[in-house]
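What you see is a predicted model; the values in this text were computed from it and never measured.
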Amino acid sequence: MNITVALNRLEKKGYKNTRKRERMLKIFIKENRYLSAKGIFKLIVEDYPYLSVDTIYRNIKIFEELDIIESTELSGEKHYRFKCSSDHHHHIICTDCGAVEKIEMCPMDAITDTPEGFTITHHKFEIYGYCDECRSL
Ligand SMILES: [Zn+2]
Ligand SMILES: [Zn+2]
Ligand SMILES: [Zn+2]
């Protein structure tokens with residue numbers, strides 16, 4: 001995913017390219033880690049002091065529907081990041097700051113005993129821990 005694709009996708013679905021929306025996308029790109037709605041709010045509120053958390057939630061919902069962002073749950077709260085567009089891979093995620101590292105191998109390759117008659121369509125696999133920076137705090 002990149003900003004051009006994201007903006008095109010929004011436009012195609014009839015969503016106006018608002019500056020707030022674009023700012024949110026740029027935050028996702030710049031941060032390159034999982035952020036909660038409140039986390040995004042904190043980063044954007046300096047530029048848009050009258051922005052409501054509701055606006056953030058509304059845009060997040062749109063981004064999710066259009067497959068622009070992906071989500072995971074950290075500390076019992078939903079977090080979001082700009083969706084990777086490269087080949088199939090998995091992530092190791094810092095539960096503290098939401099930083100993401102890529103894992104190239106897929107554990108599904110090792111699973112050979114799937115139940116007979118069951119058609120697998122997709123899977124989700126994430127590893128959690130602390131990044132170098134958060135571990136030393
Ligand atoms: Zn990735
Ligand atoms: Zn971290
Ligand atoms: Zn996989």
Side-chain angles (χ1 to χ4, degrees):
M1 186 55 58
N2 63 54
I3 189 123
T4 314
V5 175
L7 290 173
N8 278 344
R9 215 172 268 187
L10 283 160
E11 205 189 312
K12 239 181 237 164
K13 291 283 172 181
Y15 293 110
K16 269 193 299 172
N17 175 17
T18 65
R19 285 168 76 171
K20 281 175 214 164
R21 213 170 263 156
E22 195 169 329
R23 184 90 183 88
M24 273 182 77
L25 292 173
K26 281 183 178 156
I27 286 173
F28 275 122
I29 293 166
K30 184 172 165 267
E31 293 294 320
N32 190 30
R33 62 189 172 98
Y34 276 106
L35 294 160
S36 66
K38 279 180 224 142
I40 297 159
F41 181 71
K42 269 186 214 154
L43 292 170
I44 205 170
V45 79
E46 285 170 32
D47 299 339
Y48 298 96
Y50 301 109
L51 188 78
S52 71
V53 189
D54 275 358
T55 307
I56 303 281
Y57 277 113
R58 217 169 29 239
N59 281 316
I60 280 174
K61 203 167 162 257
I62 294 166
F63 294 161
E64 256 196 316
E65 272 167 18
L66 299 182
D67 224 18
I68 291 167
I69 54 173
E70 56 189 340
S71 69
T72 193
E73 202 169 302
L74 302 173
S75 319
E77 199 180 352
K78 227 170 160 191
H79 283 60
Y80 309 87
R81 75 185 288 274
F82 219 51
K83 196 159 186 165
C84 289
S85 44
S86 52
D87 294 344
H88 182 82
H89 63 269
H90 294 276
H91 289 150
I92 184 159
I93 302 163
C94 176
T95 53
D96 214 26
C97 71
V100 167
E101 295 283 348
K102 199 171 168 183
I103 301 164
E104 295 292 350
M105 70 86 63
C106 175
M108 272 311 276
D109 297 341
I111 296 168
T112 50
D113 60 343
T114 50
E116 211 180 312
F118 194 97
T119 308
I120 291 166
T121 56
H122 59 287
H123 65 273
K124 196 172 170 169
F125 178 79
E126 287 176 341
I127 298 172
Y128 309 99
Y130 295 114
C131 72
D132 218 23
E133 227 167 281
C134 293
R135 193 192 48 193
S136 53
L137 286 178

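- Applying the salt bridge (charged side-chain N to carboxylate O under 4.0 Å, His left out) test to residues at least two apart or on different chains, the pairs with a partner in residues 28-40 are E31-R33, K38-E77.
- Under the 4.5 Å side-chain heavy-atom criterion for grouping Ile, Leu, Val, Met, Phe, Trp and Tyr, Y130 is not connected to I92 through any hydrophobic cluster.
- A pairwise comparison of heavy atoms in H91 and E70 identifies CE1-OE2, 3.6 Å as the closest pair.
- When only modelled atom types and interatomic distance are considered, H88 and H122 share no side-chain donor-acceptor pair under 3.5 Å.
- L74 is not connected to F63 by any chain of hydrophobic side-chain contacts under 4.5 Å among Ile, Leu, Val, Met, Phe, Trp and Tyr, and they are in different clusters.
- M108 has its side chain out of reach of F125: every pair of non-hydrogen atoms, C-beta onward, lies at least 4.5 Å apart.
- In the displayed structure, E11 atom CD is contacted under 6.0 Å by at most 12 heavy atoms of other residues, nucleotides or ligands.
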Worked check of side chain to side chain contact (heavy atoms under 4.5 Å, CB included) between F82 and N32: CA-CA 7 Å; F82 219 51; N32 190 30; over 6 Å; no
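- Residue F41 places its CZ atom among more than 12 non-hydrogen atoms of other residues, nucleotides or ligands, all under 6.0 Å distant.
- In this structure, CG in L35 is found 7.5 Å from NE2 in H79, a value given to the nearest 0.5 Å.
- Applying the 6.0 Å contact sphere to CG of D109 captures more than 12 heavy atoms from other residues, nucleotides or ligands.
- A continuous path of ILVMFWY side-chain contacts below 4.5 Å connects L25 to L66, so both sit in one hydrophobic cluster.
- Nearest heavy atom pair, residue C131 against residue A99, reads CB-CB, 4.5 Å.
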Stepwise side chain to side chain contact (heavy atoms under 4.5 Å, CB included) check, I103 with M105: CA-CA 6 Å; I103 301 164; M105 70 86 63; 4.2 Å; yes
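- Taking the side chain as every heavy atom from C-beta outward, C97 and E133 never approach each other to under 4.5 Å.
- Note: I68 CD1 to I60 CD1 = 12.0 Å, rounded to the nearest 0.5 Å.
- Counting heavy atoms from C-beta outward, I62 and K13 have side chains that stay 4.5 Å or more apart.
- Residues Y50 and V53 fall into different hydrophobic clusters, defined by Ile, Leu, Val, Met, Phe, Trp and Tyr side chains chained together at heavy-atom separations under 4.5 Å.
- In this structure, K20 NZ and L51 CG are separated by 5.5 Å, a value rounded to the nearest 0.5 Å.
- A 6.0 Å sphere centred on CD of E101 holds no more than 12 heavy atoms belonging to other residues, nucleotides or ligands.
- Ring geometry for H90 versus H123: interplanar angle of 30 to 60°, hence tilted.
- Summarising the geometry, atom CD belonging to E22 is positioned 5.0 Å from atom CG belonging to N17; distances are rounded to the nearest 0.5 Å.
- Hydrophobic clustering places I56 together with I3 (ILVMFWY residues linked when any side-chain heavy atoms are closer than 4.5 Å, directly or through intermediates).
- In this structure, CD1 on I29 lies 7.0 Å from CG on N2, to the nearest 0.5 angstrom.
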Steps toward side chain to side chain contact (heavy atoms under 4.5 Å, CB included) verdict (K12, N8): CA-CA 6 Å; K12 239 181 237 164; N8 278 344; 5.6 Å; no
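- Rounding to the nearest 0.5 Å gives a distance of 5.0 Å between CD1 of I40 and CE of M24.
- At least one donor-acceptor pair closer than 3.5 Å links the side chain of R21 to the backbone N or O of K16.
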Intermediate values then yes/no, side chain to side chain contact (heavy atoms under 4.5 Å, CB included), M1 and F28: CA-CA 11 Å; M1 186 55 58; F28 275 122; over 6 Å; no
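- Listed by chain and number, the residues in a side-chain contact (heavy atoms from CB on, under 4.5 Å) with E126 are Y34, T72, I93, K124, Y128 (sequence neighbours excluded).
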